[in-house]
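What you see below is based on every heavy atom in this structure, not just the backbone, and it leaves out hydrogens, waters and symmetry mates. Protein chains get the first letters and strands the later ones, always in sequence-line order, with residue 1 at the start of each.
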There are 2 protein chains.
Amino acid sequence: MTKLEDVAEEAGVSASTVSRALSRPDMVSEATRTRVLDAAERLGYRHNQAARALVTGRTGLLAFSVPSLANPYYAPVIAGAQAAAEEAGCELIVVVTDGSAEREQALYARLSERVDGFAAAAPVSAGTQLSQVARKRPLVTLNRRVRGVSSVVVDTPAGMGALGGHLAGLGHRRIAYLGGPDGSWLDPRRLSALREAVPDCEVAALGPYPPEFEAGVRAADAVLDTGCTAVIAYSSTLLIGLLHRLTLLGKSAPHDLSLACADDLSASGLAMPEVTALHVPAAEAGRRAVQRLLETVTSGPTAATHQLLPVELLTRASTGRPAA
Amino acid sequence: MTKLEDVAEEAGVSASTVSRALSRPDMVSEATRTRVLDAAERLGYRHNQAARALVTGRTGLLAFSVPSLANPYYAPVIAGAQAAAEEAGCELIVVVTDGSAEREQALYARLSERVDGFAAAAPVSAGTQLSQVARKRPLVTLNRRVRGVSSVVVDTPAGMGALGGHLAGLGHRRIAYLGGPDGSWLDPRRLSALREAVPDCEVAALGPYPPEFEAGVRAADAVLDTGCTAVIAYSSTLLIGLLHRLTLLGKSAPHDLSLACADDLSASGLAMPEVTALHVPAAEAGRRAVQRLLETVTSGPTAATHQLLPVELLTRASTGRPAA
DNA sequence: TTGAAAGCGGTACCAG
DNA sequence: CTGGTACCGCTTTCAA
């Protein structure tokens with residue numbers, strides 16, 4: 001591999017100068033800079049991250065943990081995170097936690113000396129544990145807010161409020177909410193927001209359900225049993241399963257039941273069955289989390305920031321007035 | 001951070017001895033080994049990967065590329081890969097390529113000096129490009145076979161043959177195959193295998209389709225237009241979309257149409273609608289790919305190996321005799 | 001079997 | 001603004 005010294009020789013300067021020209025361009029004269037950059041280009045020079053990490057203490061690696069990859073929700077989140085990391089010349093180590101606090105803690109322990117920081121999507125560890133981690137390493141949580149830890153949260157609770165308002169406005173008085181998964185920080189907040197938004201309605205909270213097609217299938221009968229005229233599923237895969245089963249039972253939306261989803265459907269490539277849903281800026285959330293993480297990494301510990309990303313209510317054909 | 005020297009002091013030996021005790025236990029005496037291990041334990045010593053990488057040239061990082069994370073197929077694949085990497089003390093850098101050859105090449109260029117090797121799931125780059133990469137860095141392909149490059153391939157073509165035999169045995173003579181995605185190496189091989197297995201049948205190849213619910217919805221009419229009595233979808237999400245649309249049209253399986261999936265349904269949490277499908281050892285495939293990669297990394301370049309993993313035909317209620 | 005010493009490829013301080 | 005030099009933490013000769 002071509003190293004600094006090779007470039008130095010090619011450019012007729014010292015290794016230190018090459019290092020500066022590459023990392024702090026403003027510390028060398030215009031002339032040498034171009035000469036060095038030229039030489040580096042000619043030789044196809046690339047930084048040796050290990051060597052750099054050894055002296056700077058920064059590895060250029062970020063850990064990004066997600067509860068699961070089976071939920072398509074995280075596909076755009078990771079895409080956004082990856083894009084942000086790449087722009088900063090960093091790489092993402094994606095780790096799946098299966099929604100287990102132990103696995104989360106294990107990964108913090110295992111990786112804390114290998115990465116510059118952690119982004120944790122929907123972590124289930126105790127708040128105190130997360131604060132602890134944040135004291136040792138830069139940490140940003142996604143869809144979870146902990147005192148003293150920077151976070152990016154998609155405001156689905158507000159979206160649930162809007163969704164509730166929409167349904168109540170159509171005349172619904174009994175609404176079912178298919179919640180889940182266990183340990184979710186957002187889930188109870190969505191439910192509360194919904195209840196507050198529709199004080200005149202009865203809200204039947206069902207669940208928890210995993211974000212899977214089959215869970216939606218299973219949930220259908222429970223939903224019908226509640227006698228609700230509208231149902232909100234917290235995830236798109238859940239909704240699709242529900243939809244499937246209801247169709248099989250000869251129920252159609254919005255005629256027999258209004259159907260809505262508290263999650264984005266576009267990740268599932270779902271526009272065809274026109275389902276009322278919340279548009280969630282998932283890629284943006286992933287991007288923001290990593291950007292914020294990089295700020296902390298670069299500028300050292302600062303006061304925690306909490307970003308709340310708005311969601312948009314997309315009213316479509318699956319919701320309507322309840323049957324008399 | 002506690003370093004080698006700290007442990008050395010604690011154990012009353014030199015740093016070199018600690019290094020040996022930790023990395024080549026058989027090179028030190030029983031007594032010192034335990035003493036060193038004790039000391040290391042006491043101090044909570046952890047290797048500094050950067051320092052180690054600088055001298056050994058091995059980073060303990062593996063790149064794992066996948067076309068997409070929206071397809072739940074890759075969730076177990078990555079889980080298996082991650083487990084194998086973790087057992088070897090390595091970390092996985094997961095990169096999404098969106099099925100683009102340029103992005104694949106870009107990632108090889110970007111990462112080739114940062115990782116010990118590459119595992120590429122369903123890469124679309126030209127075979128010559130992949131061979132080229134393999135010459136510079138250990139490379140294992142998954143669901144793609146290239147001369148001279150180690151590979152792990154799930155034998156879905158054989159599975160398609162079995163599926164075809166099953167359908168033909170039931171009396172089907174016109175079978176539709178919903179294929180995709182573009183650039184897939186396996187896809188044409190599955191189609192050929194199907195055709196060979198059912199020489200008496202007419203096989204209508206539809207597609208390519210992306211592995212999305214909505215694509216399945218859209219495909220339904222095309223399927224009905226073919227007048228086929230059975231349909232095989234290449235991915236589970238596609239199948240679910242198809243199933244939804246067919247149900248909506250009042251068609252039921254297997255009465256109106258036999259339905260099968262060339263992909264595993266369990267990743268989608270799908271057992272309820274009893275769909276005939278291939279069971280694909282996805283986690284095992286991911287695990288094997290990484291294990292083989294690690295072998296190459298450890299033992300240096302050896303002859304390429306090609307592993308073919310069998311799939312299992314799960315015959316369920318969605319397939320039956322065609323309606324007279 | 002063990003210790004001393006020489007780097008691995010960079011960065012950053014210190015003179016000049 | 002530039003070059004010389006001392007490390008960063010670990011592995012690996014080379015001697016003892």
Has the side chain of [X] got a donor or acceptor atom that lies under 3.5 Å from a matching backbone atom of [Y]?
| X | Y | result |
| --- | --- | --- |
| A/Gln82 | B/Val96 | yes |
| B/Asn143 | B/Val154 | yes |
| B/Arg144 | B/Trp185 | no |
| B/Asn71 | B/Tyr73 | yes |
| B/Thr59 | B/Arg114 | yes |
| A/Asp155 | A/Val311 | no |

- Query: Of all the choices, D/dT2, C/dA4, C/dT1, which nucleotide is nearest to the side chain of B/Ser14 once you look at every atom?
  - Reply: C/dA4

- Looking at D/dC10, D/dC8, C/dT2, which one has an atom nearest to any side-chain atom of A/Val55? D/dC8

- Taking atom CZ of A/Arg137 and atom CD of A/Glu113, what is their separation to the nearest 0.5 Å? 7.0 Å

For [N] and [X] - does any side-chain N or O of the residue sit under 4.0 Å from the phosphate oxygens OP1/OP2?
| X | N | answer |
| --- | --- | --- |
| B/Arg24 | D/dT12 | yes |
| B/Ser23 | D/dC10 | no |
| B/Ser16 | D/dT12 | no |
| A/Thr17 | D/dG3 | yes |
| A/Ser19 | C/dA12 | no |

Mind calculating the distance between [atom1] ([X]) and [atom2] ([N]) to the nearest angstrom?
| X | N | atom1 | atom2 | value |
| --- | --- | --- | --- | --- |
| A/Arg52 | D/dC8 | CZ | P | 19 Å |
| B/Arg20 | D/dT11 | CZ | P | 11 Å |
| B/Arg114 | C/dG9 | CZ | P | 17 Å |
| A/Glu113 | D/dC8 | CD | P | 17 Å |
| B/Glu5 | D/dG9 | CD | P | 9 Å |
| B/Leu4 | D/dT11 | CG | C1' | 9 Å |

- Message: Reading DNA chain C from 5' onward, which residue's closest nucleotide shows up sooner: B/Ala51 or B/Met27?
- Response: B/Met27

- Query: Listed in order of residue number, which residues of residues 40-48 of chain B have a non-hydrogen atom at under 4.0 Å from DNA chain D?
  - Reply: B/Tyr45, B/His47, B/Asn48

- Note down the inter-axis angle between the two ends of the helix from C/dT1-D/dA16 to C/dG16-D/dC1, five pairs each, to the nearest 10°. 40°

- Message: Using the rule given for side-chain hydrogen bond (donor to acceptor under 3.5 Å, both in side chains), can you reason through B/Glu104 versus B/Ser65, listing the C-alpha separation, both sets of side-chain angles and the distance that settles it, and then say yes or no?
- Response: CA-CA 8 Å; B/Glu104 283 176 16; B/Ser65 67; 6.0 Å; no

- Checking all strands, does A/Arg33 fall into the base, sugar-phosphate, or nothing category for heavy-atom contacts under 4.0 angstrom? nothing

